[in-house]
Protein chains: 4
Amino acid sequence: MSSAPRTARGRATRDRILDSALKVFGEVGYHDASIVRITEGAGVAMGTFYLYFEGKLQVFNELVEDLNRRMRHRMTQAIAAAPNRLEAERAGFRAFFAFTTEVPQLYRIIRQAEFVSPEAMHLHYGRIVDGYRKALAAASDAGEIAPVDPEVTAWALMGIGEIIGMRWILWQEGSDGAPPIPDDVFEHTLDFITRALRPDKE
Amino acid sequence: MSSAPRTARGRATRDRILDSALKVFGEVGYHDASIVRITEGAGVAMGTFYLYFEGKLQVFNELVEDLNRRMRHRMTQAIAAAPNRLEAERAGFRAFFAFTTEVPQLYRIIRQAEFVSPEAMHLHYGRIVDGYRKALAAASDAGEIAPVDPEVTAWALMGIGEIIGMRWILWQEGSDGAPPIPDDVFEHTLDFITRALRPDKE
Amino acid sequence: MSSAPRTARGRATRDRILDSALKVFGEVGYHDASIVRITEGAGVAMGTFYLYFEGKLQVFNELVEDLNRRMRHRMTQAIAAAPNRLEAERAGFRAFFAFTTEVPQLYRIIRQAEFVSPEAMHLHYGRIVDGYRKALAAASDAGEIAPVDPEVTAWALMGIGEIIGMRWILWQEGSDGAPPIPDDVFEHTLDFITRALRPDKE
Amino acid sequence: MSSAPRTARGRATRDRILDSALKVFGEVGYHDASIVRITEGAGVAMGTFYLYFEGKLQVFNELVEDLNRRMRHRMTQAIAAAPNRLEAERAGFRAFFAFTTEVPQLYRIIRQAEFVSPEAMHLHYGRIVDGYRKALAAASDAGEIAPVDPEVTAWALMGIGEIIGMRWILWQEGSDGAPPIPDDVFEHTLDFITRALRPDKE
DNA sequence: AATGAATGAGAGTTCATTCAT
DNA sequence: TATGAATGAACTCTCATTCAT
């Protein structure tokens with residue numbers, strides 16, 4: 001039976017396992033990620049894994065949850081000071097790409113979740129869209145952006161971010177980690193988004 | 001050793017296996033799809049599978065290849081008569097959504113390919129982008145659309161199609177198949193794309 | 001998934017596994033009986049086990065069922081010609097001890113069932129008692145034996161058979177199998193039973 | 001290394017572990033009884049177990065030993081005042097059933113011992129039979145009972161007690177413990193025994 | 001062309017036991 | 001005296017693939 005760590009040592013061990021799981025899931029995928037490989041990466045014995053996690057699936061779900069939270073946190077922080085929606089988009093995408101340069105596994109983990117843990121996946125997208133939709137609705141009402149449908153637009157923007165990041169961050173990943181998104185790609189992406197969102201000139 | 005079917009009967013068997021594989025991969029995913037399940041679905045014995053395919057991975061690759069070809073064919077056909085790029089986008093997206101309503105598994109199969117067969121995945125996206133990029137470059141040069149970066153724009157559009165279709169086709173899938181995309185979602189999506197692409201008023 | 005054998009070869013393999021399971025369960029007990037050991041004893045690979053059985057527990061249950069059926073069959077046959085209940089007891093016990101000399105594992109398997117598969121155990125005892133009770137009730141009514149309570153008496157007789165057989169057959173087991181029950185033990189046992197059952201002299 | 005408790009506190013801890021072990025072994029059986037579960041039941045940490053016991057097997061043996069001693073003590077006490085063997089049987093069975101109503105686990109523990117610790121099991125049955133045999137031999141010589149074979153008779157009586165108690169005490173066990181044996185079952189059982197033992201009328 | 005019995009490496013998971021604290 | 005984190009051997013079970021028929 002897994003249980004929460006009761007000591008500082010236990011907490012550290014648990015974190016090392018979670019870190020290792022992120023790397024292994026990101027590298028070889030859920031199915032080819034074996035518990036041994038995860039624990040070896042964490043420098044502990046196999047049984048130790050089960051002191052802290054109920055099983056392979058639970059650690060995966062926890063990872064998705066964790067990444068989602070951290071990602072949204074980073075984006076929220078980045079957006080805070082933006083004077084309007086278009087600036088907010090720029091800051092938000094900047095933050096998103098920066099985050100996934102640090103944790104390129106995010107793309108892979110989410111896409112895997114389709115079969116591994118659909119609930120986790122729906123939660124992930126759902127949480128992002130929820131916030132996005134409200135912000136877009138407000139901006140649309142305020143005339144900061146064109147009168148778009150907030151729901152569809154939120155999904156479209158999310159789809160753009162995902163595929164661009166996948167193409168220019170994840171797929172460029174080398175042994176020394178993922179590169180930042182090229183400046184021109186970022187600008188072209190924002191051009192696209194800006195055109196799609198900016199209010200029509202009267 | 002697998003080999004090409006020499007008789008009509010053989011061809012039919014092979015097709016039934018491929019059909020079954022599409023269903024099973026789409027339903028439970030590559031890893032949980034067992035050869036027995038695929039062959040049972042095709043109404044043949046397990047050994048028969050290996051008469052026509054070299055293994056599980058090969059059948060997956062063939063499936064991706066096949067879906068990609070059929071999808072592009074449908075889109076090309078649909079676009080043929082379009083008078084300009086914006087109309088072509090409308091027709092192309094219409095065709096794409098129609099195709100994936102028939103074969104919603106496409107979304108799942110492609111997203112799985114990330115780990116199952118990265119080459120197949122890159123080929124899939126690559127082929128689509130290649131055509132897209134050229135068309136966008138031409139349209140951009142011709143002033144039919146705004147002066148966008150063809151590569152980034154192609155990816156962005158693909159990302160939109162994928163996520164919108166996933167959300168409103170795949171995820172709405174019931175026991176009687178996937179529904180067509182709702183009209184308003186389709187229109188909102190095309191509003192978004194149109195705004196992003198239409199040339200600036202001078 | 002396990003399934004019934006479809007060919008003669010399959011049937012033979014299944015039987016060999018069942019035989020081996022009986023030996024191994026009887027020798028080291030359910031928990032220390034590993035599937036590998038069972039399959040090695042049957043001369044097949046581990047995976048073969050799962051072609052014919054759903055798991056370790058299922059094979060155990062099947063074994064209990066099988067032993068119970070065979071045992072009751074042997075006893076029923078032996079009793080058939082008995083002129084009265086006391087003779088039937090003699091013939092029945094004779095047959096029971098003969099059977100368990102051939103299959104001394106019976107004692108061990110049943111006693112294990114307490115934890116391994118209580119349902120199987122209840123079924124085992126239940127089936128025996130059912131028949132016994134009816135026979136005793138009839139004999140009691142007919143005045144062939146004393147006016148005993150059939151239920152309690154059935155259990156008592158069963159308890160006697162089990163413990164005497166365990167003591168003088170199972171525990172005497174050597175490498176060359178279990179010995180028959182010593183004649184005097186058998187006679188003493190039947191003396192005891194006879195006294196307990198015979199009608200009071202008027 | 002385990003060692004005898006040196007303080008009153010240690011003694012109490014040890015007893016709590018033993019109590020918990022009895023419950024757990026009785027409930028889920030030796031193999032499914034985990035040390036954690038036993039220690040949790042005793043309200044101590046896992047490591048504490050090994051301060052007082054050498055291992056799982058040792059605690060099991062100690063339990064068998066303990067139960068055997070307590071059971072025989074209760075029966076000896078109960079029999080002490082009996083005027084003859086038949087009365088002694090009545091008192092002894094009464095005490096046995098009373099004891100196992102308090103500790104129904106006894107049945108389960110003994111039957112498990114077959115594989116867990118054959119020595120413990122033989123010792124258990126051996127000790128009971130030893131006393132029984134002598135008493136029966138004496139009673140037989142004295143003409144208090146029929147001229148039975150003491151050894152076989154001792155085992156037969158033990159077998160009766162075990163199976164009747166199992167059927168009407170252990171198997172009736174509810175969440176609030178085991179019920180006493182029903183009066184009529186007790187009387188029928190003693191009828192059976194009495195008939196089997198009473199001296200022939202001359 | 002088709003079958004399905006057989007294989008065995010490899011997976012996730014459990015748990016008695018040790019030992020540093 | 002007591003703790004609980006850590007270990008790793010051993011377990012049951014799965015399934016892609018082979019091959020005799």
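Every chain is numbered from 1, with letters handed out A, B, ... down the list of sequences.
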With a cut-off of less than 4.0 Å, is there a side-chain N or O of [X] near OP1 or OP2 of [N]?
| X | N | answer |
| --- | --- | --- |
| D/Ser34 | E/dT14 | no |
| C/Tyr52 | E/dA6 | yes |
| A/Thr7 | F/dG4 | no |

Which whole-number value in Å describes the distance from D/Phe49 CZ to F/dT1 C1'? 16 Å

Nearest-nucleotide 5' precedence on DNA chain E, A/Ala33 against D/Gly55: A/Ala33

Comparing nearest nucleotides in DNA chain E, the 5'-proximal residue of the pair A/Tyr30, C/Val44 is C/Val44

For [N], give its Watson-Crick or G-U wobble partner with both distances under 3.5 Å, or none.
| N | answer |
| --- | --- |
| E/dA20 | F/dT3 |
| E/dA9 | F/dT14 |
| E/dA1 | none |

Salt bridge flag under 4.0 Å for residues D/Asp66 and D/Arg70: yes

Test: A/Lys23 and A/Asp19 ion pair at under 4.0 Å: no

Across the strands shown, which category fits [X] at heavy-atom distances under 4.0 angstrom: base, sugar-phosphate, nothing?
| X | result |
| --- | --- |
| D/Ala12 | nothing |
| C/Thr48 | base |
| A/Val36 | nothing |
| C/Ala8 | nothing |

Heavy-atom side-chain contact between D/Arg11 and D/Arg16 under 4.5 Å: no

Please answer whether the main-chain N or O of A/Ala120 pairs with a side-chain N or O of A/His124 as donor and acceptor at a distance below 3.5 Å. no

Picking from [options], which would you name as closest to the side chain of [X]?
| X | options | answer |
| --- | --- | --- |
| A/Tyr50 | E/dG12, F/dT14, F/dA6 | E/dG12 |
| D/Arg9 | E/dA1, F/dA2, E/dA5 | F/dA2 |
| A/Arg6 | F/dC13, E/dG4, F/dG4 | F/dG4 |
| C/Leu51 | E/dA5, E/dA1, F/dA6 | E/dA5 |

Give me the atom names and distance for the closest heavy-atom approach of B/Ala42 to B/Ser20. N-OG, 3.6 Å

Mapping A/Gly10 and A/Met46 to their closest nucleotides on DNA chain F, which lands nearer the 5' end? A/Gly10

Want to settle it: does D/Ala45 or B/His31 sit nearer the 5' end of DNA chain F, counting the closest nucleotide to each? D/Ala45

